[in-house]
Amino acid sequence: MIPLTLAQIAQVTGGQLHGDPAAVVSGEVVIDSRRAGPRGLFAAVAGERADGHDFASAAVAAGAVAVLATRPVPVPSVLVADVPAALAALAAFVLDSLPALAIAGITGSSGKTTTKDLAAQLVESLGPTIAPAGSFNNEFGHPLTVLRADSSTRYLVLELSARGPGHIAYLCGIAPPRYGVVLNVGHAHAGEFGGLDQVARAKGELVEALPAEGVAILNADDPRVLAMAGRTAARVVTFGMAPRAPLSSPVPQPTIQAADVRLDELGRPSFTLLTPEGPAPVTLGLHGAHIVPDALAAAALARELGLGLAGIADGLSAAVPRSRWRMEVHRRGDGVTVINDAYNANPESVRAALTALRHLAQDGRAFAILGHMAELGAISQDRHEDVGEFAARADLAGLIAVGSEAEPLLAGARRVRSWTGEALAVPDGAAALDALANQLKPGDVVLVKASRAAHLEGVAEALARWDDPPAPPSRQHEEADR
Ligand SMILES: Nc1ncnc2c1ncn2[C@@H]1O[C@H](COP(=O)(O)OP(=O)(O)O)[C@@H](O)[C@H]1O
Ligand SMILES: [Mg+2]
């Protein structure tokens with residue numbers, strides 16, 4: 001963070017200072033006391049399992065200069081009424097002192113983190129870039145990411161999430177973007193919004209926040225996203241799949257396109273990137289055809305920031321996954337393949353993963369261990385049934401629904417009369433492992449996916465290691481150290 005005295009922090013946040021006004025914070029602002037470090041600031045938050053205030057002393061012992069808190073703590077502190085609001089005020093203050101920074105925001109129902117990670121890897125080749133780790137995209141993670149910027153930072157690549165109307169507008173208020181990317185409008189959290197049109201309203205707050213000299217980067221293949229062109233003062237740039245056949249009537253083409261998408265045996269896409277500067281070949285190291293629009297969005301953003309065609313194409317081809325549990329493909333020594341896509345799940349991303357699963361399995365056996373898709377509200381039962389039907393149409397050898405909320409998946413699968421695969425309901429991940437792990441044969445492919453709350457990544461990790469003999473103690477020790 002840019003150096004701020006406790007007096008400044010108290011003033012910016014409207015907080016009450018308990019400590020040395022001249023003490024300077026120049027390290028990282030964190031909400032996890034275990035990550036508190038020298039010269040940093042620890043923001044105490046009351047979470048579901050723990051209250052950060054209980055770790056105030058530990059954070060200061062680890063080097064934090066002070067604690068941002070809502071009640072008195074026995075160490076130097078700035079007492080505020082509301083910690084997220086205080087972080088937001090600090091972030092806005094820091095950005096005011098960094099006017100040369102280019103701020104890009106990425107939103108959408110699926111693929112924000114993937115796109116953010118791809119875009120960051122491209123933009124880093126232009127200059128010092130800050131992008132959040134993982135999904136730091138809410139009222140806590142967003143300001144914490146912004147606060148990492150200092151006078152050396154040139155680019156901020158941010159992920160913006162919404163669980164209701166006004167959320168994205170709020171995040172844009174903290175860090176006003178000049179570049180706004182909208183990927184898609186899908187069912188993630190749709191229950192909380194009330195429907196897809198409401199999701200579109202909320203996601204579009206990003207492009208509404210852009211200034212006239214800004215750029216809105218929109219997915220031309222998603223009509224609800226493309227329609228956001230009418231809600232922004234900014235210049236509009238689009239991305240999408242190149243039309244397969246010559247068009248009979250002249251339709252505006254996306255600015256950035258992918259043509260000739262092919263997948264290798266592990267589902268990694270190759271395509272021709274079509275840009276106003278010409279074509280270039282791209283081969284992604286990430287898995288699934290659904291990643292292609294994310295790559296196009298990242299390309300469009302990097303191009304607007306000044307990266308040339310070769311830099312974009314080579315950068316995309318060199319990009320690696322940075323966030324865990326999204327379409328991690330692990331091929332075991334015995335020929336079984338495990339897809340760990342357990343970070344989260346919504347109807348669109350489960351379909352995308354099932355499509356990738358089918359591709360990887362080729363003519364072999366495909367299995368899916370699926371937990372429920374959270375926060376779908378009144379449409380939850382229907383959407384689970386639809387996804388189950390989709391899974392059966394993908395001709396899975398087995399569909400295992402984990403937890404009672406996931407059971408409608410099986411009802412949907414059974415709607416497909418011609419489906420000969422096995423449908424199984426299990427109470428938890430351990431039972432899913434029991435049911436499947438010892439049945440797997442070389443050539444089989446297993447997808448593991450669910451909403452975050454289900455924590456199925458452990459199931460995927462156990463499956464990925466199933467063929468390994470138990471490691472001797474020394475090796476285990478080495479692995480623990482890495
Ligand atoms: N464009 C897309 N369409 C559908 N699913 C996608 C897309 N991009 C990524 N996904 C899938 O969505 C899930 C979440 O990906 P992630 O990048 O973490 O998105 P988010 O940050 O929006 O939650 C993963 O299963 C991923 O494979
Ligand atoms: Mg995310």
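Numbers here are sequence positions counted from 1. Both counts, for ligands and for their atoms, begin at 1 and track the order of listing. Just so it is clear, the structure is predicted and the values come from calculations on it, not from any experiment.
Applying the 4.0 Å criterion to heavy atoms of Arg326 picks out, from ligand 1, the atoms 16 (P), 18 (O). Set against the non-hydrogen atoms of Ser109, the atoms of ligand 1 under 4.0 Å away are 22 (O). Of all atoms in ligand 1, numbered sequentially from 1 with element shown, those under 4.0 Å from a heavy atom of Met327 are 27 (O).
Looking at Glu461 and Trp325, their side chains do bring a donor and an acceptor atom within 3.5 Å of each other. A donor and an acceptor atom, one from each side chain of Ser109 and Asn346, are nowhere located under 3.5 Å apart. Side chains of Asn184 and Ser110: a donor-acceptor N/O pair is absent below 3.5 angstrom, by distance only. Side-chain contact annotation: Glu208 with Thr232, donor-acceptor N/O pair under 3.5 Å absent.
Not close to ligand 1: Leu183, with no non-hydrogen atom less than 4.0 angstrom away. In this structure, Gly186 falls outside the shell of residues with a heavy atom less than 4.0 angstrom from ligand 1. Ligand 1 does not have His287 within reach: every non-hydrogen atom of the residue lies 4.0 Å or more from it. Between Lys116 and ligand 1 there is no heavy-atom distance shorter than 4.0 Å.
When the options Leu160, Thr113, Asp221 are ranked by their closest heavy atom to atom 21 (O) of ligand 1, first place goes to Thr113. Atom 27 (O) of ligand 1 has its nearest heavy-atom neighbour, among Glu159, Arg324, His290, in His290.
Looking at Lys112 and Ser161, their side chains come closer than 4.5 Å, going by heavy atoms from C-beta outward.
Closest to atom 1 (N) of ligand 1 among all protein heavy atoms lies Asp294 OD1, 2.9 Å.
Within the 3.5 Å criterion, the main-chain N or O of Thr114 finds no donor-acceptor partner in the side chain of Asp117.
For ligand 1, the polar-atom distance check finds an N/O of Gly111 within less than 3.5 Å of one of the ligand's N/O atoms. Residue Asn344 has at least one N or O atom closer than 3.5 Å to an N or O atom of ligand 1. Distances between N or O atoms of Tyr343 and those of ligand 1 include no value under 3.5 Å.
Surrounding CZ of Arg383 are more than 12 heavy atoms belonging to other residues, nucleotides or ligands, all under 6.0 Å away.
Rounded to the nearest 0.5 Å, atoms CD (Glu28) and CZ (Arg35) are 5.0 Å apart.
What you find for Met327 and Ala353 is that their closest heavy atoms are SD-CB, 4.1 Å.
For the pair Arg452 and Tyr343, the distance from NZ or CZ to the six-membered ring centre is under 6.0 Å and the angle to the ring normal is within 45 degrees.
Distances under 2.8 Å from the Mg ion (ligand 2) pick out the protein N/O/S atoms Thr113 OG1, Ser135 OG, Glu159 OE2.
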Begin from the C-alpha positions of Arg224 and Asp222 and carry the test salt bridge (charged side-chain N to carboxylate O under 4.0 Å, His left out) through to its verdict.
-> CA-CA 6 Å; Arg224 286 190 177 84; Asp222 186 324; 5.6 Å; no

